[in-house]
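Letters A, B, ... mirror the listed sequences (proteins, then strands); counts begin at 1.
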4 protein chains.
Amino acid sequence: MAAALSVEEKKKRKRALILQAAVKLFSENGFAETPIAAIAKEAGVSFGTVFTYFETKETLFHSAILEPLEEIKPYFYEIEERYSGNPMEIISEMIHCHVELFSKRKDFLRLIQQVLARPDRYPDLFQELDDFVTVFIDRIVPLIIQGQKRGLFYQESPPLIAQSYLSLINGMRLTFVDEYTNLFWMDMRIQALRLFGPVSNGEGTKR
Amino acid sequence: MAAALSVEEKKKRKRALILQAAVKLFSENGFAETPIAAIAKEAGVSFGTVFTYFETKETLFHSAILEPLEEIKPYFYEIEERYSGNPMEIISEMIHCHVELFSKRKDFLRLIQQVLARPDRYPDLFQELDDFVTVFIDRIVPLIIQGQKRGLFYQESPPLIAQSYLSLINGMRLTFVDEYTNLFWMDMRIQALRLFGPVSNGEGTKR
Amino acid sequence: MAAALSVEEKKKRKRALILQAAVKLFSENGFAETPIAAIAKEAGVSFGTVFTYFETKETLFHSAILEPLEEIKPYFYEIEERYSGNPMEIISEMIHCHVELFSKRKDFLRLIQQVLARPDRYPDLFQELDDFVTVFIDRIVPLIIQGQKRGLFYQESPPLIAQSYLSLINGMRLTFVDEYTNLFWMDMRIQALRLFGPVSNGEGTKR
Amino acid sequence: MAAALSVEEKKKRKRALILQAAVKLFSENGFAETPIAAIAKEAGVSFGTVFTYFETKETLFHSAILEPLEEIKPYFYEIEERYSGNPMEIISEMIHCHVELFSKRKDFLRLIQQVLARPDRYPDLFQELDDFVTVFIDRIVPLIIQGQKRGLFYQESPPLIAQSYLSLINGMRLTFVDEYTNLFWMDMRIQALRLFGPVSNGEGTKR
DNA sequence: TATGAATGAGTGTTCATTCAT
DNA sequence: GATGAATGAACACTCATTCAT
């Protein structure tokens with residue numbers, strides 16, 4: 001009874017295949033060292049087809065960054081909607097979620113790092129990521145202030161706390177490439193939590 | 001009294017010029033998007049001369065990574081020799097020194113990140129950096145244990161603490177590209193310190 | 001009363017639209033630098049439709065040359081049928097007609113020139129144009145001879161006179177691209193006439 | 001005793017070889033349909049070498065037009081310096097010289113025609129050619145006026161006469177591609193002369 | 001018949017490496 | 001040792017043609 005895929009759906013699927021291949025290969029080999037031909041091969045489409053869906057290699061790179069970025073935004077933007085409990089618990093849940101996200105999206109993280117490492121090369125993309133950081137900070141600062149008022153968090157500048165957190169999770173993917181045992185990531189979460197406030201024993205791991 | 005430079009010294013100087021240009025341009029443009037011709041121009045030497053000093057582009061990249069790495073190794077390896085006080089004070093001084101180092105060697109840091117982001121592309125270099133991390137951890141773990149015994153540091157796995165620290169300083173350069181006011185970096189140091197143990201008010205900033 | 005167009009007529013109309021677009025774009029951009037897609041767009045039909053009416057790009061180019069050529073043939077072939085008076089008057093009328101034709105069919109002329117400029121590239125089309133020239137000469141030579149007998153034309157080889165005339169009108173379109181005021185073309189006609197025989201004052205402009 | 005060619009001379013020679021090949025192939029095949037590889041082959045140099053001497057294909061095309069144009073300029077600009085006699089004789093000599101030039105530079109002429117046929121595609125080159133025409137007219141107009149005063153030339157607008165002449169010689173190369181017997185060109189010269197003024201029998205052929 | 005997605009051959013350009021001077 | 005011309009492999013992008021719908 002499975003209805004035949006509509007033409008429109010087939011096209012979407014093909015586009016997604018190419019984008020997926022692009023994310024994989026760009027992240028592994030970098031923008032400049034990834035030939036379009038390799039992406040086509042990985043996606044199982046012909047060379048020319050890539051250009052049917054993406055005007056230029058640059059466009060494809062942009063899409064490979066921005067579309068997954070959209071997907072992860074909710075996990076950074078909708079903090080109080082998504083996570084529950086007192087501020088410390090909310091942050092703890094958030095970290096849990098982010099670490100899981102990042103441990104699973106190795107390839108996408110690497111793409112991000114390529115852009116961050118060369119702002120002049122990718123000004124538009126860099127701007128997008130910068131905006132992403134700005135919005136995240138805007139959203140999390142009230143929560144940090146709330147936690148500070150309750151004596152749960154350090155009396156540090158809230159944006160600084162937020163940025164140190166971003167630095168840590170960003171740097172994690174760089175430093176530990178393949179050795180992510182569950183245990184490792186779980187413990188890392190405690191360290192992340194410590195950038196916000198004092199952690200009583202075992203607190204970071206309760207979920 | 002300034003004697004004319006010996007031939008040997010002239011050669012060293014030329015080599016250094018090229019290497020310096022390579023660090024600058026590789027870090028700005030990446031390996032693949034930096035033509036040897038651009039490096040020659042930046043260094044003020046002729047195109048062919050680059051190949052007199054470095055067999056291939058790859059070799060030049062290796063040297064651009066490894067030679068500065070040697071220079072910064074002491075600041076990571078000779079912890080107890082360099083820094084003084086109780087474990088917390090030692091770590092605090094070390095962080096101070098590292099942050100200063102990293103805030104000054106923007107270009108070199110970016111090179112490192114390029115290698116870390118693509119272990120399969122640069123296996124030898126990645127290995128070197130991995131060894132660097134391993135040695136740093138080996139050197140700092142006893143100090144952390146000591147601090148834990150004295151109740152200054154968290155009872156967390158010492159290598160984990162070390163790695164979280166590395167992640168943070170690595171990620172810092174990625175996240176905040178140009179906005180490093182002194183204040184910012186100073187405050188960041190407190191956050192770094194919080195990965196090791198509880199920080200009494202103002203502790204991270206006393207030097 | 002206007003009956004709906006028959007299917008047959010619709011097809012003809014579509015074919016004509018494509019051909020018209022082809023003449024325009026081929027003449028502006030040359031054969032090689034005109035994509036079929038551009039022709040489709042200009043004609044307001046879909047890309048694939050072009051291939052429904054013309055087997056290949058080459059075929060379309062042939063048609064874009066040959067079909068308008070058929071249209072102008074009468075003005076070159078049916079000299080004595082079309083124009084009246086003594087030989088000088090006939091030639092004068094003919095020139096008038098040709099110049100008007102050429103000043104209006106800028107695009108078609110350019111197509112012709114593309115073929116003439118590259119006989120080896122377009123052997124078939126070149127042959128057609130060469131035949132056209134041959135027939136024109138065959139048709140006009142008797143008239144020239146007649147004019148020579150009457151002392152109206154120079155005692156030059158009649159084919160040479162004919163060819164010099166063709167050269168002049170062909171070259172005109174090349175040399176003066178946009179500046180064809182009526183006056184200019186009118187005066188040019190006198191110069192054309194002078195290739196045939198002496199022109200009394202104002203003779204070329206009397207119609 | 002033939003001294004070895006200096007490096008500088010060798011380079012000039014190689015550049016000339018490439019340019020010559022470019023003129024030949026561009027004129028035969030058009031800009032778009034001439035691959036650089038073909039030019040390299042024709043010139044007997046490697047593919048990459050072409051780019052050592054000419055930055056882009058477009059540049060090479062420009063040079064292929066403009067450098068020969070410089071060579072022929074004197075024959076159009078230095079009219080009274082180069083040719084002697086009364087105005088009619090000067091023009092006659094000039095025509096002789098131009099026809100000879102054009103009959104020998106078939107390839108270059110075709111290049112010119114490519115540019116004239118597509119002013120929008122080659123605006124810079126077209127401008128150059130337009131300037132060339134303008135200067136030629138400026139130079140020849142006084143001579144025409146002089147001839148008119150002496151009753152040798154028609155009382156036609158001098159620039160018009162000049163332009164009709166240019167049209168004729170331009171069109172000649174288009175119309176008669178390969179059939180230039182000496183006789184043909186010689187007779188054509190008389191026809192050209194007739195655009196200026198009445199020609200007494202055999203006048204055009206006396207040199 | 002009309003459409004436009006799929007294909008892959010073709011080509012301008014870049015650039016690391018070699019090597020003659 | 002220093003130079004920069006010569007080389008050709010590699011790659012992004014275009015586009016005529018095919019063909020499934």
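Backbone-only contact: K14(A) has heavy atoms under 4.0 Å from sugar-phosphate atoms and none from a base.
Of all the residues in residues 22-39 of chain A, not one reaches under 4.0 Å from DNA chain E with any non-hydrogen atom. Taking a 4.0 Å limit (strictly below) on heavy-atom distances, residues 40-59 of chain A reaches DNA chain F at F47(A), F51(A), T56(A), K57(A).
In summary, R15(D) and E8(D) do not engage in a salt bridge, as defined by a charged side-chain N under 4.0 Å from a carboxylate O. Look at R121(A) and E33(B) and you find a salt bridge, because one of the NZ, NE, NH1 or NH2 atoms lies within 4.0 Å of a carboxylate O, short of that distance. A salt bridge links R105(C) with E71(C): the distance from a Lys NZ or Arg NE/NH1/NH2 to an Asp or Glu carboxylate oxygen falls below 4.0 Å.
Taking the side chain to side chain donor-acceptor pair (under 3.5 Å) definition, one finds that Q127(B) meets it with D131(B), sequence neighbours left out. Taking S46(A) as the reference, T49(A) meet the side chain to side chain contact (heavy atoms under 4.5 Å, CB included) condition, with sequence neighbours excluded.
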ask   = Starting at the 5' end of DNA chain E, what dot-bracket string do you get if Watson-Crick and G-U pairs under 3.5 Å are bracketed, crossing pairs use [ ], other-strand pairs use | and unpaired bases use dots?
value = .||||||||||||||||||||
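Considering CZ of R110(D) and CG of D107(D), their distance stands at 9.0 Å, rounded to 0.5 Å. Considering OG1 of T52(B) and CD1 of I18(B), their distance stands at 7.5 Å, rounded to 0.5 Å. One distance of note links CD of E55(A) with OG1 of T59(A); it measures 5.5 Å at 0.5 Å rounding. Distance check, rounded to the nearest 0.5 Å: CD of E42(B) to OG1 of T34(B) gives 10.5 Å. Interatomic distance, F126(B) CZ to I112(B) CD1, rounded to the nearest 0.5 Å: 11.5 Å.
Between F61(C) and F54(C), the ring center distance fails the sub-6.0 Å criterion.
In terms of modelled atom types and a separation under 3.5 Å, the side chain of Q114(A) and the main chain of F26(A) share a donor-acceptor contact.
Reading DNA chain F from its 5' end, the first and the last nucleotide to sit under 4.0 Å from a heavy atom of chain B are dG1(F) to dA5(F).
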